[in-house]
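Computed from heavy atoms alone, side chains included, the values below leave out hydrogens, waters and symmetry copies. Here is how names work: the chains are called A, B, and so on, in the same order as the sequence lines, proteins then strands, and each is numbered from 1.
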Amino acid sequence: MEIILEDFTKRFGDVTVIEKMNLKIREGEMLALLGPSGCGKSTTLFTICGIHRVDGGRVLFGDRDVSRVPAQQRNVGVVFQSYALYPHMSVFENIAFPLTVRKEHKNTIREKVAEIAELVHIGELLERRPEQLSGGQQQRVALARALVRKPSILLLDEPLANLDAKLRLEMRSEIRRIQLETGISAVLVTHDQVEAMSMSDRIAIMKEGEILQVASPTEMYQQPINDFVAGFLGNPPIAFLDAHVQDGSIHLLDGKIQFDFPGSSTPTNDTKIRLGIRPEHYQPNNPIQIPGTISFVETQGRENLYDVMLDDGSILRSIQSSANASIEKNTKVNWGIHPEKLLIFNQAGLRF
Amino acid sequence: MSLSAKLGYVFIAPALVLVAVFFLTPVLLTGIFSFTNMSTATGITGGAYQITPSLLRDLSDQGFEKATLDSIGSESYQIAKATLQIAREAGSEPSLLAELEEEHLGQNFTSRREFERFLKKLQNRPRSTRELKSTSPHFRKSLINERFETEKDLKAALTELQTKLTPDQINKLSQAAYTGWVWTTDNFYKMTILPETKQILFNTIIYVTFTLLLFNVGFALFLAIATFYLPKGQAGIFRALWLLPRISPSVLYVVLWKWLTWDTGFLNAILNPLGVAQRNWMLDTTLNAWVFVVLINGFIGASMGMILFSSAITAIPKPLLYASEVDGANRWQQIRFIILPQLKWPILFVTVYQCLSLLTSFEQILLSTDGGPGSTTEVWALAAYHNALDNYWGNLQYGYGAALALVLVVIGVIMSFIFLRFFRFQELVRQPRIEQ
Amino acid sequence: MSQNFKNWPILTALVLATVPIVLMYSYLVLDTITNTEPGGILPSSFTLEHWRFLYEDIEGKANIWQVTLNTLVFASSVMLLVLSVSSTAGYALSRLNIPFRREFLAGVLILHAFPSITLIIAIFLILQLIGLYNTLIGVIIVMTSLQLPLGIWIMKGFYDSVPWEIEMAGLQDGASRFTVWYRLVLPQVRPGIIALGVFSFLSGWGEYILPTVLAPANNVQVLSGYLASLIADDRNFEFNLFKSVGLFYATPVVIMYLFFQDKLMNIYGGGTKG
Ligand SMILES: Nc1ncnc2c1ncn2[C@@H]1O[C@H](COP(=O)(O)OP(=O)(O)O)[C@@H](O)[C@H]1O
Ligand SMILES: [Mg+2]
């Protein structure tokens with residue numbers, strides 16, 4: 001089902017946390033709501049499921065305006081960060097709870113629970129209590145409980161935050177698998193860009209209650225609309241260099257390095273700009289060379305990450321395969337960038 | 001109204017009703033009653049108007065005109081519709097009554113003898129002396145001991161009886177004749193002039209100060225710190241033992257103390273062979289009475305402080321304690337410089353809380369010394385109880401007792417507000433996170 | 001805690017201070033089944049005669065079983081009422097969007113500290129006015145009302161510590177607020193319910209002033225009043241009998257205390273922590 005937020009506004013007392021947000025979740029897609037902590041992701045999620053009331057605008061499920069519909073009648077499945085399993089009930093009772101409050105027949109309940117348990121691979125755990133389960137298993141139970149009554153949409157609030165690194169990888173693909181198998185529309189709230197990129201069809205990136213850009217992971221990585229989005233996606237992160245435009249060229253490091261402005265709409269003279277350079281695009285064989293000194297080396301196994309300090313003190317990052325011999329700190333290097341791969345931002349942080 | 005507000009009202013309503021009726025109303029009523037002279041004699045509902053012989057004596061003592069009082073007090077015999085009716089209902093001879101009604105209606109006689117002499121001369125006169133004697137009383141009219149439900153009735157009766165009475169006199173009479181309670185500030189006036197007040201105030205201060213300092217705070221601190229240094233098992237036993245007085249029914253608990261101190265009690269059984277004369281240790285001297293009052297209450301009161309202080313001490317980070325030991329602090333220094341500073345708030349809390357409960361508690365004193373010997377251990381709360389609910393003379397002084405209690409209620413209200421400060425109230429009233 | 005300090009001075013001091021308690025309570029048990037020579041310290045003979053009050057009425061006193069039944073009815077009713085009223089009101093104050101929630105809570109806190117015994121005179125007169133004087137129901141309702149502020153306060157504390165997510169999940173699963181409370185939240189606060197239940201039962205069981213003042217009649221007498229009247233009566237002055245009745249009276253208390261000691265600690269500490 002398609003979910004639409006229309007001019008959605010949310011206030012807590014005098015504080016407006018979200019103002020006139022517009023967002024559409026397409027049928028069957030997994031949309032990641034990505035943003036730093038405190039930006040209003042959970043607030044948005046809680047509004048979709050009806051725990052929060054809207055202070056302005058509308059929430060539409062398909063054509064139906066549910067803004068005033070209580071949570072119980074919205075048919076939304078939610079997986080909470082803490083899983084919120086009912087500690088006094090067995091796994092079976094947990095999963096069956098949404099069906100028992102709907103007074104479904106015992107046999108129906110048993111069938112449905114078995115079916116969903118099969119899907120999330122917890123068939124053998126049904127008699128256990130939540131405290132006897134590992135984090136990953138609890139998560140699966142929470143998913144099963146959210147999905148068992150076939151909700152219109154599945155909401156996941158930081159589903160992986162409470163898991164250790166190994167389980168997080170496993171559950172990342174599991175959640176995605178389950179979402180794809182059920183074909184349900186889903187919203188994934190996370191502050192982790194890797195999660196967002198790897199699990200979702202599209203990402204909506206949020207900052208201070210505002211949605212900056214909605215796009216597929218690749219598109220957002222390659223074509224961020226502003227420096228915040230560019231900086232938020234990518235690990236190791238993008239580096240920025242200050243520059244300005246003169247006679248159709250970009251001048252770097254007080255003009256010591258000059259090259260043609262890529263693209264057609266060249267800014268006027270003396271326009272100050274910022275160049276965003278991703279680590280994979282600052283490499284030994286690129287055409288425009290920018291010399292510097294290696295100030296930091298981090299070995300990441302398959303790859304090495306280098307911080308290179310330029311003459312004016314700014315830093316560029318480069319990531320290179322560790323198949324090449326690693327380079328010592330304080331070595332002078334003369335690596336380069338590619339004009340086509342640059343992300344160029346104006347003073348306000350927007351892309352040219 | 002939101003869904004949860006509806007459920008909220010349903011959920012909180014029983015509590016609100018109960019608290020309003022049996023908690024808030026009593027607070028108000030204590031204030032109201034304290035401005036009345038309610039007692040067993042006046043009753044608690046309204047009263048009636050009644051002129052009694054003793055009232056007339058009192059009025060005469062107060063200088064009310066003697067002749068007037070005599071005439072109010074005198075009786076007369078009247079042949080009137082009302083008296084005839086009474087006689088008819090009582091079954092007097094109808095022919096006699098008919099004759100009286102037809103020929104003598106409205107006649108008055110000033111004494112019984114005169115009236116009976118008159119009756120004997122009638123045509124249908126009573127046939128026997130017995131009948132005469134049983135008929136005549138029905139015609140008696142007297143204000144004495146007659147109950148009037150309203151002031152108006154009494155005044156009407158007075159006017160009818162004695163036309164010479166001035167309105168002023170009538171007012172005075174009816175006021176004096178009222179048997180119910182009236183509004184008055186006498187209780188507070190009485191409280192300020194009675195010497196007992198000073199005594200119970202003094203007693204209360206002694207009781208609260210000594211129990212609070214020696215036991216509820218002092219000994220509680222000792223218990224908490226001492227058990228802290230003991231192994232877990234031993235500490236647990238001592239804490240459990242010291243909670244016993246608190247959980248035991250108070251009547252039983254006080255019986256045990258009585259057994260300890262009674263004439264033939266345990267103390268005497270031990271001390272007698274050592275040459276100490278047998279006596280009731282609890283009541284033989286004022287000093288002893290106080291010692292036991294403080295002990296009995298202190299043994300109960302120590303447990304609350306013990307529990308609170310213990311949990312505050314346990315919350316002290318262990319490294320802090322180990323570090324101080326490594327630094328060479330002895331136990332006293334560790335207590336003085338590390339433990340006690342952590343207990344500042346709990347101590348203050350216990351002091352305020354227990355001060356209030358001691359001020360108003362009287363159950364154990366009531367059961368042990370009952371304020372004796374004499375009234376040397378009678379504290380304020382006990383005095384209120386004695387006056388209003390359990391006094392020796394049987395005429396319970398609700399009004400005066402309420403006035404005494406009101407003093408405690410006012411102190412209670414003030415200290416409860418102080419108490420609010422101990423809680424981080426903002427945190428307690430966080431907005432609910434489900435907005436339904 | 002520490003091995004660096006010697007324990008024996010502390011232990012000695014504690015033992016000395018605790019002697020009266022140990023003495024009183026051990027003789028409480030001992031004296032009910034023994035006789036002691038006048039002036040003696042140790043018992044001289046075994047007997048069960050002090051327990052005769054169980055099967056024959058003491059002269060001028062009510063039947064012990066009737067009194068015990070009254071006490072049981074009184075204490076259990078107080079417990080049930082306090083539990084049901086506090087567990088709903090505490091939930092409303094902790095979780096529901098009621099107007100004046102703040103004010104209600106301040107009221108509960110103030111009353112929690114308020115010395116309710118000062119109100120006994122007014123309550124006595126109120127019961128006379130509404131005709132509940134000398135009835136068990138009257139004392140039960142009064143006792144419940146006076147315990148409510150503490151009960152609500154304690155239950156609110158327990159509710160506060162239940163994760164919001166559990167309730168949110170319940171709503172999403174389609175349960176009403178009531179169902180969420182009853183089936184999901186209430187089971188989480190079981191320790192609170194047990195603690196408060198035991199506490200109110202024990203308070204009711206041990207209460208002396210309220211029943212004595214508000215329901216002094218013989219047919220509604222409770223054990224506290226029975227024991228007190230036994231002692232006040234000069235005709236049967238016999239400590240061994242008092243103690244037997246006392247032990248009979250205190251046994252349920254001690255048993256409950258042993259079972260629920262940890263839970264009770266919190267409440268006897270002033271109910272300041274949930
Ligand atoms: N119930 C609430 N009352 C007041 N402020 C809130 C409440 N819930 C969230 N906020 C505020 O709203 C902002 C967004 O919170 P949230 O949606 O939880 O952020 P996140 O993106 O980390 O999930 C934060 O600044 C937070 O402090
Ligand atoms: Mg969040």
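For a residue to count as touching a neighbouring chain, one of its non-hydrogen atoms must lie under 4.5 Å from one of that chain's; by this rule C:Leu125 touches chain B with backbone and side chain alike. Using a 4.5 Å cut-off between heavy atoms, B:Leu366 touches chain C through its side chain atoms alone. Of the atoms belonging to B:Ala226, heavy atoms from both backbone and side chain fall under 4.5 Å from chain C. For chain B, no part of C:Gln147 is nearby; none of its heavy atoms comes within less than 4.5 Å. Residue C:Arg95 touches chain B through its backbone alone, counting heavy-atom pairs closer than 4.5 Å. Using a 4.5 Å cut-off between heavy atoms, B:Phe309 makes no contact with chain C at all. Residue contact with chain B, scored on non-hydrogen atoms closer than 4.5 Å, involves the side chain of C:Tyr91 exclusively. Residue contact with chain C, scored on non-hydrogen atoms closer than 4.5 Å, involves the side chain of B:Gln234 exclusively. With a 4.5 angstrom heavy-atom cutoff, C:Val22 touches chain B only via side-chain atoms. With a threshold of 4.5 angstrom between heavy atoms, B:Ile32 does not approach chain C through any atom at all. Using a 4.5 Å cut-off between heavy atoms, B:Ser357 makes no contact with chain C at all. When heavy atoms are compared at a cutoff of 4.5 Å, B:Tyr398 approaches chain C by way of both its backbone and its side chain. With a 4.5 Å cut-off on non-hydrogen atoms, C:Leu14 touches chain B through its backbone and its side chain both. Looking at B:Leu389, the atoms closer than 4.5 Å to chain C (heavy atoms on both sides) all sit in the side chain, from C-beta outward. Heavy atoms closer than 4.5 Å to chain C are found in the side chain of B:Met38, but not in its backbone. When heavy atoms are compared at a cutoff of 4.5 Å, C:Ile152 approaches chain B solely by way of its side chain, counted from C-beta outward. With a 4.5 Å cut-off on non-hydrogen atoms, B:Trp257 touches chain C through its backbone and its side chain both. Residue C:Tyr208 touches chain B through both its backbone and its side chain, counting heavy-atom pairs closer than 4.5 Å. B:Val254 does not touch chain C: none of its heavy atoms, backbone or side chain, sits under 4.5 Å away. In this structure, chain B has a heavy atom under 4.5 Å from the side chain of C:Phe104, while its backbone stays farther away. Residue contact with chain B, scored on non-hydrogen atoms closer than 4.5 Å, is absent for C:Leu258. The contact between C:Leu171 and chain B is made entirely by side chain atoms (from C-beta outward), counting heavy-atom distances below 4.5 Å.
Taking 4.5 Å as the limit, some side-chain heavy atom of B:Pro432 sits within range of a side-chain heavy atom of C:Trp164. B:Phe299 places a side-chain heavy atom less than 4.5 Å from the side chain of C:Pro20. Put simply, the side chain of C:Thr118 does not reach to within 4.5 Å of the side chain of B:Ile411, judged on heavy atoms.
Chosen from B:Ile247, B:Leu367, B:Val350, B:Val19, the residue pairing most often with chain C at heavy-atom distances under 4.5 Å is B:Ile247. Of all the listed residues (B:Glu363, B:Lys258, B:Met415, B:Arg239), the one sharing the greatest number of non-hydrogen pairs under 4.5 Å with chain C is B:Glu363. Ranking C:Thr144, C:Val254, C:Ile10 against chain B, the residue ahead of the rest is C:Ile10, based on heavy-atom pairs under 4.5 Å. Residue with the most contacts toward chain C among B:Thr30, B:Leu243, B:Val27, B:Leu29: B:Leu243 (heavy-atom pairs, distance under 4.5 Å). Most heavy-atom pairs under 4.5 Å with chain B, from the set C:Val245, C:Leu202, C:Val15: that is C:Val15. No other option in B:Val352, B:Val10, B:Val255, B:Leu28 has as many heavy-atom pairs under 4.5 Å with chain C as B:Val255. Comparing C:Ile98, C:Leu127, C:Ile209 by how many heavy-atom pairs each has under 4.5 Å with chain B, the most go to C:Ile209. Of the listed residues (C:Phe199, C:Trp205, C:Trp181), the greatest number of heavy-atom pairs within a distance under 4.5 Å of chain B belongs to C:Trp181. In terms of heavy-atom pairs under 4.5 Å with chain C, the best-connected choice from B:Phe362, B:Tyr385, B:Phe266, B:Phe417 is B:Phe266. Ranked by heavy-atom pairs shorter than 4.5 Å toward chain B, the options C:Ser86, C:Ala89, C:Ser145 are led by C:Ser145. Of the residues considered (C:Ile121, C:Leu81, C:Leu247), C:Ile121 shows the highest number of contacts with chain B, using heavy-atom pairs under 4.5 Å.
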Discussion item. Let's go through B:Phe238 and C:Leu11 carefully: what are the C-alpha distance in whole Å and the side-chain angles of both, what is the deciding distance for side-chain contact (heavy atoms from CB on, under 4.5 Å) to 0.1 Å, and is it a yes or a no?
Written reply: CA-CA 10 Å; B:Phe238 281 109; C:Leu11 204 55; 3.8 Å; yes
Worksheet item: Run the side-chain contact (heavy atoms from CB on, under 4.5 Å) check on C:Lys243 and B:Leu256 step by step: do they pass?
Response: CA-CA 8 Å; C:Lys243 286 186 172 181; B:Leu256 297 181; 4.1 Å; yes
Worksheet item: For B:Phe11 and C:Leu93, what are the C-alpha separation, side-chain angles and deciding distance, and is it a side-chain contact (heavy atoms from CB on, under 4.5 Å)?
Response: CA-CA 9 Å; B:Phe11 268 23; C:Leu93 288 184; over 6 Å; no
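From B:Leu252, atom CG reaches atom OG of C:Ser224 across 11.0 Å, with rounding to the nearest 0.5 Å.
Contact record, B:Phe22 with C:Leu146: O-CD2, 3.8 Å, taken as the closest heavy-atom pair. The nearest pair of heavy atoms linking C:Ala122 to B:Phe33 is CA-CE1, 4.0 Å. Here the shortest heavy-atom pairing between B:Pro249 and C:Ala250 reads CD-CB, 4.4 Å. Shortest non-hydrogen contact noted between B:Ser248 and C:Tyr25 is OG-OH, 2.6 Å. Nearest heavy-atom pair, B:Ala240 versus C:Tyr257, reported as atom, atom and distance to 0.1 Å: O-OH, 2.9 Å.
Taking the six-membered ring wherever Trp is involved, the centroid distance between the rings of C:Phe242 and B:Trp259 does not fall below 6.0 Å.
Proximity of a side-chain donor or acceptor of C:Tyr249 to a complementary backbone N or O of B:Val251 within less than 3.5 Å is not detected. Looking only at distances, a side-chain donor or acceptor of C:Asn97 sits under 3.5 Å from a matching main-chain atom of B:Ile434.
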